[in-house]
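Nothing here was measured: the structure is a model prediction, and the numbers come from that model. Only this structure's heavy atoms are used, side chains among them; waters, hydrogens and symmetry mates stay out.
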Amino acid sequence: MSKKAAKKGFTAGLGQLTIPLVAIAILVIFNLIRDPSFFSIEIKHNIDGNSVLAGNLITVINGASELAILAMGMTLVTAACGGQDISVGAAAAIAGSVFVKVLKSGASINAGTVILAFLLACIVAMIFGAFNGTLVAVFNIQPMIATLILYTCGRSIAYWINGGATPTVDSGIVKAIGGFIPGVPIPTPVIIVVVMAIIFKLLFHFTSLELLTQSVGINGSAARLNGINPTFIKLLSFIILGVCVSVAGCIGVGRLGLINHETLLLDVEMDTILAVAIGGNNLGGGKFKILGSIIGAYVIQTLTITLYAMNVSSTDVKAYKAIVIILLVVIGSPVVKKKFEKFMAGRASKKAASEAKGA
Amino acid sequence: MKKTNAVRREPFTDAQLLMTITIAIFIGMYLLAMIFLGGGFMHPQQVIDMLNDNVSLIVVACGLTIVMIGGGIDISVGAVTSLVVMSCVLYLNGGGNIFVAILLALGIGLAFGAVHVFLISYLEIQPFIVTLAGMFFARGMTTILSVNPQKVNHEGFANLRDAKIEIDWLGYTANNGNLIPARIELGVVVAIAIVILVFILLKFTRLGRGFYAIGGNQQSALMLGINVKRTRFMSYLICGLLSGISGFLFMMHTGAGNATNAAGMEMNAIASSIIGGTLLTGGVGNVIGTFFGTMTLTTIKKIVVSSGLNQPWWQSITTGGMLCFFILLQSVVLSRRAKKKKKT
């Protein structure tokens, strides 16, 4: 009896994390069978002479950083507003452009100017987030429609900020943001993801933001009657997403050392929404788990890198990705789940019946 | 959307009001362009060119309007269009028959629609995710078929592509004294026919009213005895079919297949529908509005180009600004009406 209860408690605790965990487990097992050397990690020396970690696994964890950061913010927006922001890629391009613009305007690039540039990029991204948030929260426009505006013109605004060019930044500090800090073998973006995750964890621990967001997402009018201000919560979720966007944009700039408004985080909005969905969060709002979205981001990146390792060309990856996505969501769909539960219940009752007969 | 039922008793429904505003703004904008920019805007050929260039967008937006009225979303339409173009081009270059190519186009569209709706309706997966996967799949398949641009070398098709309706009295006299007639592509006729057919479908048939019902309130529709699943099935199927047609029209316009064809078309189509007064929440919308929404978007782009803002970023920035204006307008108009209704 106690064993049964413990088992039940275990599965209930996992809850919505089951799907992303199963997905990542399947991918890992598939890779183990295909080619065990996929997981080999070695220490290499890069151009600057630092000893750094290298290997497919590191590529996955490193490459998914922007996606994971955006997925954290997107989860909040999804939970509070019941819709998704499709302008994150465009907004990241704007943030990256501001970042580069500020760096270029100074005489020399040192730690102070980088921090200043990042803060300014943050503020600009938060303003655009607030613009989206105002449309959604005050004017009651569906998030997808409201953010369609910035999706349409965001990359052009970034182009305009750059003055029609793709300026490069040559600085060790900026390179370190997208690559490795001298003396640290772990890629910097991974460290940033961990820091962001801890910030979110602390935010939820010391404030009631998680509860407030969930109640606004489940029923806005009920939340209002309970003294919660849904407009503010929705606006806040978009502003927090703005911070995430600027961090992701700056990492993207750091990786390449230049800002290209067309290709920076291209198509990332769709992947981000996908990460949120694979994480088991309801895209209609309500309860959410940020951890699920983060795992979802790593699932997507593992899938992409696995396909690359199987010599699928980068343009064709999308087709295979689509098949895997459909398989994942079919497994996680409520109807299939219900059928499966019924099947299991039927088996359990049969077993019980046969046991009773035997006794 | 609880308000649709009550508002319908008033002389103007939400959809009609929003559509009227769109049409008025389109006409006003075009008149202003004629007065201040003159030149090309004075010729009827300008309007015809706008139609010629946008046939596939109009057809796709019609399909999307139906899905959006039914409370769903389909973001795979642009990618399906691109896939249809590429597969038809390759088929025709392999010495295929035009009629089979048309059937191929329709078949691909229908297949995508059917798979989407099976997953959405019967497995209850969110439409956004399903059609997103459909979009990825169609884009990936397009590049698997061919990464390089392909040109059609098919005689029968070349004749079809170059067939244009020439109207003398809409034409103009060129500088050298020759009369240049207005040229309308065959695709325009098909697109306008589809707009009219969809209008009739939405307005006068049982199925069309069903779309509004399931989009307005699924639960009430179910209680009224509407087969919600079958109605939703039909909405996505029609949307898929129209994506297929749009692909063929796209090929008739460009005569070539390219992996980046119709990039971003899904968002343009959604924007057209919204400008035309369709709400993403479902239950409100009109296909005539969608048609004018497409024309409005195109006119903005033409005005930006001809008013000398040559930097590449102005087109999208003005489009975004315009979109913002329409979306805010809709929100304000609808909330004012909702308030008025509460008072009476």
Chemist: Side chain, backbone, both or neither: which part of B:I327 has an atom under 4.5 Å from a heavy atom of chain A?
Modeler: both
Chemist: Below 4.5 Å from any heavy atom of chain A, which atoms of B:E124 appear? Answer side chain, backbone, both or neither.
Modeler: both
Chemist: Can you measure from CD (A:Q84) to CD1 (B:I129) and round to the nearest 0.5 angstrom?
Modeler: 7.0 Å
Chemist: Side-chain contact, heavy-atom cut-off 4.5 Å: A:K318 with B:F137?
Modeler: no
Chemist: Under a 4.5 Å cutoff for heavy-atom pairs, which residue among A:Y159, A:Y320, A:F139, A:W160 has the most contacts with chain B?
Modeler: A:W160
Chemist: Does any part of the side chain of A:D267, heavy atoms only, come nearer than 4.5 Å to the side chain of B:F136, both counted from C-beta?
Modeler: no
Chemist: With heavy-atom distances below 4.5 Å as the criterion, would you say the side chains of B:Y122 and A:V335 are in contact?
Modeler: no
Chemist: Does any part of the side chain of B:M267, heavy atoms only, come nearer than 4.5 Å to the side chain of A:T152, both counted from C-beta?
Modeler: no
Chemist: Would you mind reporting whether A:D316 and B:M141 have side-chain heavy atoms less than 4.5 Å apart?
Modeler: no
Chemist: Under 4.5 Å heavy-atom distance to chain A, tell me which part of B:I317 shows up: side chain, backbone, both or neither.
Modeler: both
Chemist: Counting only heavy atoms closer than 4.5 Å, note whether B:I144 contacts chain A via side chain, backbone, both or neither.
Modeler: both
Chemist: CZ/B:F128 to CD1/A:I273 distance, rounded to the nearest 0.5 angstrom?
Modeler: 4.0 Å
Chemist: Sort A:I145 into side chain, backbone, both or neither according to what part of it lies under 4.5 angstrom from a heavy atom of chain B.
Modeler: both
Chemist: Check whether any side-chain heavy atom of A:M144 lies under 4.5 Å from a side-chain heavy atom of B:I270, and answer yes or no.
Modeler: yes
Chemist: Could you go through A:I149 and B:F325, starting from their C-alpha distance and side-chain angles, then the distance that decides it, and tell me whether this counts as side-chain contact (heavy atoms from CB on, under 4.5 Å)?
Modeler: CA-CA 10 Å; A:I149 299 168; B:F325 169 75; over 6 Å; no
Chemist: Under a 4.5 Å cut-off applied to non-hydrogen side-chain atoms, are A:C153 and B:W314 in contact?
Modeler: no
Chemist: Pick one of side chain, backbone, both or neither for A:L150, based on which atoms fall under 4.5 Å of a heavy atom in chain B.
Modeler: neither
Chemist: Please state whether the side chain, the backbone, both or neither of B:A259 comes within less than 4.5 Å of a heavy atom of chain A.
Modeler: neither
Chemist: Got A:L135 and B:L328 here, is their nearest side-chain heavy-atom distance under 4.5 Å?
Modeler: yes
